[in-house]
Peer 1: 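Below is a structure I'd like to ask you about.
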Amino acid sequence: MMEKSRFSIKNITIFEKQALLKARIVLMRLKLIIFFCAISLSASAQFWQKATQLFKKKHPILSPIAYTNDNSIHQLSNHFKLTNLVIAPVNLNPSLYNLECTTLAILGMAKHNMRFRIYNLASYNFSDLAELYIKMARYSEAKWYLLQSNNLSRQANDDKHTVANLINLALIKTHLGDIKSAREDLIEARDISRAKGITYRLAEIDKKIMLLPQTIDSTPKPLTKYADATDNKKKKL
C-alpha cells in the first residue's frame, strides 16, 4: 500500500511540473506579443532605428518670431518722391534670328497653301515674307515675293491687297535705285484706288509720289546686292 501511494505522489508532481512549464511558456508568449506590439516592429526589420528614436533627446520647439511693425518708409520726406514722372516707351526691334525663324515658318505655310492651291492665303504669305525681307534689307528677295503675291492678288481680284503690294514694290525699287519703275507702281496703285473706291489710300500714295526724287537714275545703288552673291563672296574670303 505504501508503494502505491508513493507512486501516485510522484505522478502528481510530474503533472504539476508539466502544467507549470506550459503556463510559463504561455506567459512568455504573451509578454513577447505585448512587447512587439508596443514597439511596433515592422516587417522591414527597422526595430533598432525605432528603438533608438525612443531614447533620443527631443529638442524644444521654439515659439515663432513676431514680425516687427516698422513703417520707416512712411517717414521719408517728400523730396524722395518722384512727381510728374514720364516713362518713354522703348521699341525693341526683332533680332535677326527672330526674323529668320519667322521667315521659315511663313515659308512653310506658303508652300502648303500653294501645294493645295489655296492661292488667296498664299498671296498674303508672300507679302508677309516680303515685309520680313525688307526688315533684313534683302530687297531682291523681297521684290520677288511681292511680284508673286501681286500676281496672285490680281487673279483673285483682291484690289486692296494689290494696292498694298504696289506700294511696297515702289518702296523696294526706290531702295534699289529704280525710281522710274517705282513711280509707275505708285501711279498704278493710285489709279486702282480711284477706280475701286479705295479712297483712304489716295493721300498716302500722293505723298509717296511727291517724296520720290525728281531725277531718274536707272542704275542700282552700289551697296545693293543680291543675297546669294554676298554669301558667295563671304565664302571666298
Side-chain angles (χ1 to χ4, degrees), residues 89 91-214 216-221 223-231:
N91 296 323
L92 298 176
N93 295 324
S95 62
L96 181 61
Y97 175 76
N98 190 8
L99 291 173
E100 289 178 352
C101 290
T102 309
T103 301
L104 291 176
I106 298 176
L107 186 60
M109 296 171 60
K111 289 180 180 179
H112 171 80
N113 293 328
M114 288 297 293
R115 179 183 179 185
F116 292 98
R117 300 181 181 180
I118 312 173
Y119 297 128
N120 54 345
L121 294 180
S123 176
Y124 284 94
N125 294 144
F126 287 144
S127 60
D128 292 338
L129 285 171
E131 291 180 2
L132 291 173
Y133 283 123
I134 290 172
K135 292 180 180 179
M136 290 187 284
R138 295 164 64 174
Y139 299 113
S140 58
E141 293 164 284
K143 179 182 176 182
W144 187 86
Y145 281 111
L146 275 177
L147 290 173
Q148 303 303 315
S149 177
N150 202 22
N151 186 23
L152 293 174
S153 63
R154 289 178 189 273
Q155 294 177 6
N157 295 324
D158 192 353
D159 299 320
K160 293 182 180 180
H161 195 200
T162 303
V163 171
N165 287 334
L166 288 172
I167 293 172
N168 290 329
L169 268 174
L171 175 64
I172 293 172
K173 290 177 180 179
T174 303
H175 282 287
L176 294 175
D178 192 359
I179 307 300
K180 180 180 178 181
S181 182
R183 182 177 282 106
E184 291 176 356
D185 290 336
L186 289 174
I187 292 171
E188 184 182 0
R190 184 178 60 183
D191 294 339
I192 294 174
S193 299
R194 287 175 179 175
K196 302 299 180 179
I198 311 172
T199 56
Y200 64 91
R201 285 283 195 177
L202 291 175
E204 178 186 359
I205 295 170
D206 291 334
K207 185 178 179 180
K208 289 182 181 297
I209 292 174
M210 293 297 294
L211 292 176
L212 285 175
Q214 297 299 324
I216 300 173
D217 186 8
S218 60
T219 58
K221 294 182 179 180
L223 295 177
T224 303
K225 299 177 182 179
Y226 289 94
D228 295 336
T230 55
D231 291 338

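What you see below is based on every heavy atom in this structure, not just the backbone, and it leaves out hydrogens, waters and symmetry mates. Not measured: the values here are computed from a predicted model.
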Peer 1: Distance check, rounded to the nearest 0.5 Å: N98 atom CG versus N93 atom CG?
Peer 2: 11.0 Å
Peer 1: Look at the aromatic rings of F126 and W144 and report parallel, tilted or perpendicular, splitting at 30° and 60°.
Peer 2: perpendicular
Peer 1: Identify, with sequence neighbours excluded, every residue that meets side chain to side chain contact (heavy atoms under 4.5 Å, CB included) alongside N113.
Peer 2: I118, L121, A122, N125
Peer 1: Rounded to the nearest 0.5 Å, what separates atom CG in N168 from atom OG in S149?
Peer 2: 9.0 Å
Peer 1: Quick check: does any side chain N or O of N165 sit under 3.5 Å from a backbone N or O of H161, one acting as donor and the other as acceptor?
Peer 2: yes
Peer 1: Can you tell me how far the CD atom of Q155 sits from the CG atom of N150, to the nearest 0.5 Å?
Peer 2: 10.5 Å
Peer 1: Contact between L104 and E100 at the side-chain level, heavy atoms closer than 4.5 Å - yes or no?
Peer 2: no
Peer 1: State, to 0.1 Å, how close T174 and A170 come at their nearest heavy-atom pair, and which atoms those are.
Peer 2: OG1-O, 2.6 Å
Peer 1: Quick check for you: to the nearest 0.5 Å, what is the distance between T102 atom OG1 and Y97 atom OH?
Peer 2: 10.0 Å
Peer 1: Side chains of residues 191-208: which donor-acceptor pairs under 3.5 Å do they make with residues two or more places apart or in other chains?
Peer 2:
residue : atom : partner : partner atom : Å
S193    : OG   : A189    : O            : 2.8
R201    : NH1  : E204    : OE1          : 3.0
D206    : OD1  : R190    : NH1          : 3.4

Peer 1: Measure the CD-CD1 distance between E131 and I172 for me, rounded to the nearest 0.5 Å.
Peer 2: 9.5 Å
Peer 1: For residues T162 and L166, determine if any side-chain heavy atom of one lies less than 4.5 Å from a side-chain heavy atom of the other.
Peer 2: yes
Peer 1: Give every residue pair that meets the salt bridge (charged side-chain N to carboxylate O under 4.0 Å, His left out) criterion with at least one member in residues 150-161, sequence neighbours excluded.
Peer 2: R154-E188
Peer 1: Quick check for you: to the nearest 0.5 Å, what is the distance between K143 atom NZ and L176 atom CG?
Peer 2: 6.0 Å
Peer 1: Strictly distance-based, threshold 3.5 Å: is any side-chain N or O of S123 a donor or acceptor partner for the main-chain N or O of N120?
Peer 2: no
Peer 1: Taking the side chain as everything from C-beta on, heavy atoms only, tell me whether Y133 gets closer than 4.5 Å to L146.
Peer 2: no
Peer 1: Would one find more than 12 heavy atoms of other residues, nucleotides or ligands at under 6.0 Å from atom CE of M109?
Peer 2: no
Peer 1: Could you check if a side-chain atom of D178 sits within less than 4.5 angstrom of a side-chain atom of E184, using non-hydrogen atoms only?
Peer 2: no
Peer 1: Under a 4.5 Å cut-off applied to non-hydrogen side-chain atoms, are L129 and T103 in contact?
Peer 2: yes
